[in-house]
Asks: 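Got a structure for you, questions after.
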Amino acid sequence: MDIWSSADEEAAPSAKCPICEGAGFVHPRLPDGKPDYSQVIACRCTRKESGKDLQDRLQRYSNLGSLTRFTFDSLMPQGRSGNPLNQQSFATAFEAARAFATEPKGWLVLVGPSGSGKTHLAAAIANERLKQSQPAFYITAPDLLDHLRSAFNPDSEIQYDQFFHQVRNAPLLILDDLGVQTSTPWAKEKLDQLLTHRFNSELPTVIVAITPIEQLEDRIRTRLTNPDLCLIYALEEKPTAPESDWGPEFALQRGMTFNSFERRPNLPPEQQENLEFVYRAVLDFAKSPEGWLVLVGVTGCGKTHLAAAIVNYRYQAGKPAKFIVVPEFLDHLRSTFNPESKVSYDQLFESVKNTPLLVLDDFGEQSTTPWAQEKLYQVINYRYNARLATVITTRCAIEELDSPVGSRLAAAQISMILNINVPDYRSDQRFAPKTTRTFRRGKKDRWQ
C-alpha cells in the first residue's frame, strides 16, 4: 500500500521516491516548516508522468478495489426507495455529495439503513476525485483496525506508524461502516486519535455511519455533530422495529450485537483467524441476507451470539426478522393445541415459515419424534423452495441431521456452512471462575 509522506521535497529521487514513498504527492510546508496537511502537491518524481501513470498511481493509493464501479453516473439521483420523502432526502444528499466531490471541505456524514446507498455515494465521491487527478483514500472502520493490528506483526510490510500517519493525514479520507467495529478500549482509542486529529486539522473527511449517530461513542458523536465542520445527511428515515420482536424470554439475545461480540485474543492464532473469518462472513450476511447460513460449533463457541447479532442488525435497519430456539418453538406449537391458547397453530407456524429472515437456533437439540421431524421439515422445505434467507445454528455435523433436512442444509447452491473451530468460551482464562480453575504448566499445559 502506498504511503503519504511529509518529507522535504528537495530530497534526492531514487527507484522508489523517498519523498513520497511512491504515492506521487506530498504535503507542502507551512512557514514554520511543518506540513500543511490540508493541501497536496505533485511530488517532483511524478511531474513528468503520463496521465495514465498518474491515474494508476492514484487508483492504487485509493484502496477502492471493486468500488471503482460506484460513480455518480451509476446512481439514481433520487435513490431506490419508493417513499417520496426518502427520495427527497436521497436527492439532497446526492447533490451535497457531488458538491463535496468538486470541492472537499469539512466533513460529510452519511447516515441511513443498510442498502440505502451510503457506500455508493461515498465511493462516488472518491472516484470523482480520482477522475480529477486528485487523491482520495477509502477504508472501512473494521479494516482500518485490522490493518493497524497486523502492522504490529514484525513481518508486516508496512510499519504501524507509517500506515496510521497515512490515514490520519490523507488529503481526503472516506471512512465507511463506522459503528460496525468492535468497541474495545484499544479500538476506541485509535478511532478517537484518528478523528480528533482530522477534526482539529479540519481535513476533508467523509464518514459513513452504519449505526445512528446518537448510538456512537460520546467523543465521536460530538465531532460528527459539530455544525461548524460537519454536514449530516440522513438518506432514509429508518422505521423503528417493534420492541415485541424480542420477547421477554430473549433478554440475553437482545444484547448480542456485532459490537459486543468477544474476539477472544487468548485463543491460538489459527483459532483467532477462524473466528475472525466467521465474524466477517456473518457480518456480510447481515448486511444483505441471501440464501442460507449454517453455523456449526460446540456449545459456547459464539454461534448463537452471531446469529442473534444478525437479527439485531436487521432490527436496527428497520427490517423484519425472527429468532427461534428450535426446541422451544416445537413446545410452542404443541401448546397451541390447547383450547385456551391465545395464538392459533396456523398463525404461529405461518409466521415462522414466511418471515423474510429466520434464525433457527439450537437445531438438532429437539426431540426426534416423528411429529417434531415433520414440523421442522415443513419449515425447512418451504423456506428452501421459496429461497427465504435462513440462519441455522447447530452442534451437530450436517450428516448427523435427519436426511431430508440435512440434504437441504448442505445444498451448495443456497447454503454457506461455517464451522466455528473454537472451544467453549469458558475455556478462555478471562471467563474462567478464578476460584475453581487453575492453569497447570508442564509437558501438557492445560486448565484444571
Side-chain angles (χ1 to χ4, degrees), residues 62 64-132 134 136-141 172-180 204-216 220-221 223-227 229-242 283-290 313-321 356-357 389:
S62 72
L64 280 167
S66 61
L67 296 184
T68 52
R69 70 187 189 279
F70 287 169
T71 65
F72 288 114
D73 291 339
S74 63
L75 262 174
M76 292 187 291
Q78 293 184 323
R80 297 182 177 179
S81 174
N83 186 318
L85 292 177
N86 288 339
Q87 290 178 0
Q88 183 178 354
S89 297
F90 189 92
T92 302
F94 181 90
E95 291 304 321
R98 293 198 75 157
F100 188 90
T102 301
E103 188 177 3
K105 288 186 177 180
W107 287 18
L108 183 70
V109 184
L110 303 175
V111 187
S114 178
S116 60
K118 304 183 301 299
T119 294
H120 195 141
L121 273 179
I125 293 172
N127 283 308
E128 184 65 23
R129 296 302 292 169
L130 298 187
K131 186 178 177 181
Q132 299 169 18
Q134 295 296 319
F137 183 75
Y138 170 93
I139 196 166
T140 67
L172 171 60
L173 173 67
I174 292 104
L175 185 63
D176 199 358
D177 283 350
L178 183 67
V180 172
T205 306
V206 177
I207 302 286
V208 177
I210 200 70
T211 57
I213 300 291
E214 60 271 15
Q215 295 182 17
L216 295 172
I220 294 178
R221 184 177 67 251
R223 283 157 178 71
L224 266 57
T225 55
N226 184 291
L229 185 67
C230 303
L231 292 175
I232 301 176
Y233 291 91
L235 274 61
E236 289 184 13
E237 290 297 326
K238 185 184 70 177
T240 303
L283 178 57
D284 288 343
F285 182 91
K287 293 178 180 179
S288 181
E290 294 183 5
Y313 188 98
R314 301 306 293 174
Y315 285 170
Q316 194 174 64
K319 306 295 183 181
L357 173 62

Asks: Could you list all the salt bridge (charged side-chain N to carboxylate O under 4.0 Å, His left out) pairs where at least one residue sits in residues 104-117, not counting sequence neighbours?
Replies: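 Sorted pair list: E103-K105.
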Asks: Measure the shortest side-chain to side-chain distance between P77 and F94 over non-hydrogen atoms and say whether it is less than 4.5 angstrom.
Replies: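 Side chain of P77 against side chain of F94, heavy atoms only: contact under 4.5 Å found.
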Asks: Does any non-hydrogen side-chain atom of L235 lie less than 4.5 Å from one of K118?
Replies: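 Of all side-chain heavy-atom pairs linking L235 with K118, at least one is under 4.5 Å.
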Asks: Test T71 against H120 for side-chain hydrogen bond (donor to acceptor under 3.5 Å, both in side chains), laying out the working first.
Replies: CA-CA 7 Å; T71 65; H120 195 141; 5.5 Å; no
Asks: With a 4.5 Å cut-off on side-chain heavy atoms, are P104 and R129 touching?
Replies: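 Yes. Closest side-chain heavy atoms under 4.5 Å.
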Asks: L224 versus W107: any side-chain heavy-atom pair under 4.5 Å?
Replies: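 The answer is yes; the side chains approach within 4.5 Å.
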Asks: Drop me the distance from L231's CG to I207's CD1, to the nearest 0.5 angstrom.
Replies: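 Those atoms lie 13.0 Å apart.
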Asks: When you measure from the side chain of R80 to the backbone N and O of S116, does any donor-acceptor pair fall under 3.5 Å?
Replies: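 Checking the backbone N and O of S116 against the side chain of R80, no donor-acceptor pair under 3.5 Å is found.
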Asks: Under the rule for side chain to side chain donor-acceptor pair (under 3.5 Å), what residues qualify as partners of E128, not counting sequence neighbours?
Replies: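 Listed in chain order: Q132.
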Asks: Ring centres of F90 and Y233 under 6.0 Å apart?
Replies: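 Not close enough - the centres of the two rings lie 6.0 Å or further apart.
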Asks: Decide yes or no for I139 and D176: does some side-chain heavy atom of the first lie under 4.5 Å from some side-chain heavy atom of the second?
Replies: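 SC-SC contact between I139 and D176 ruled out.
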Asks: Heavy-atom distance under 4.5 Å between the side chains of L173 and V206, does that happen here?
Replies: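 No - every pair of side-chain heavy atoms lies 4.5 Å or more apart.
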Asks: The criterion is side chain to side chain contact (heavy atoms under 4.5 Å, CB included); which residues satisfy it with A123, sequence neighbours excluded?
Replies: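 A123 satisfies side chain to side chain contact (heavy atoms under 4.5 Å, CB included) with L64, L67, F70, N127 only.
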Asks: Within the 4.5 Å heavy-atom criterion, are L121 and F100 side-chain neighbours or not?
Replies: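 They are not in side-chain contact.
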Asks: What's the shortest heavy-atom distance between E290 and A389, and which atoms?
Replies: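 Shortest heavy-atom separation between E290 and A389 comes out as N-CB, 4.5 Å.
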Asks: Looking only at atom types and distance, does a side-chain atom of Y138 sit under 3.5 Å from a main-chain N or O of A126, one as donor and one as acceptor?
Replies: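 Between the backbone of A126 and the side chain of Y138 there is no qualifying donor-acceptor contact (under 3.5 Å).
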Asks: Using side-chain heavy atoms (C-beta onward) and a distance below 4.5 Å, is L178 in contact with L216?
Replies: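 The answer is yes; the side chains approach within 4.5 Å.
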Asks: Could you report the tightest heavy-atom contact between I174 and A122, atom names first, then the distance?
Replies: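 Heavy-atom minimum between the residues: CG2-CB, 3.7 Å.
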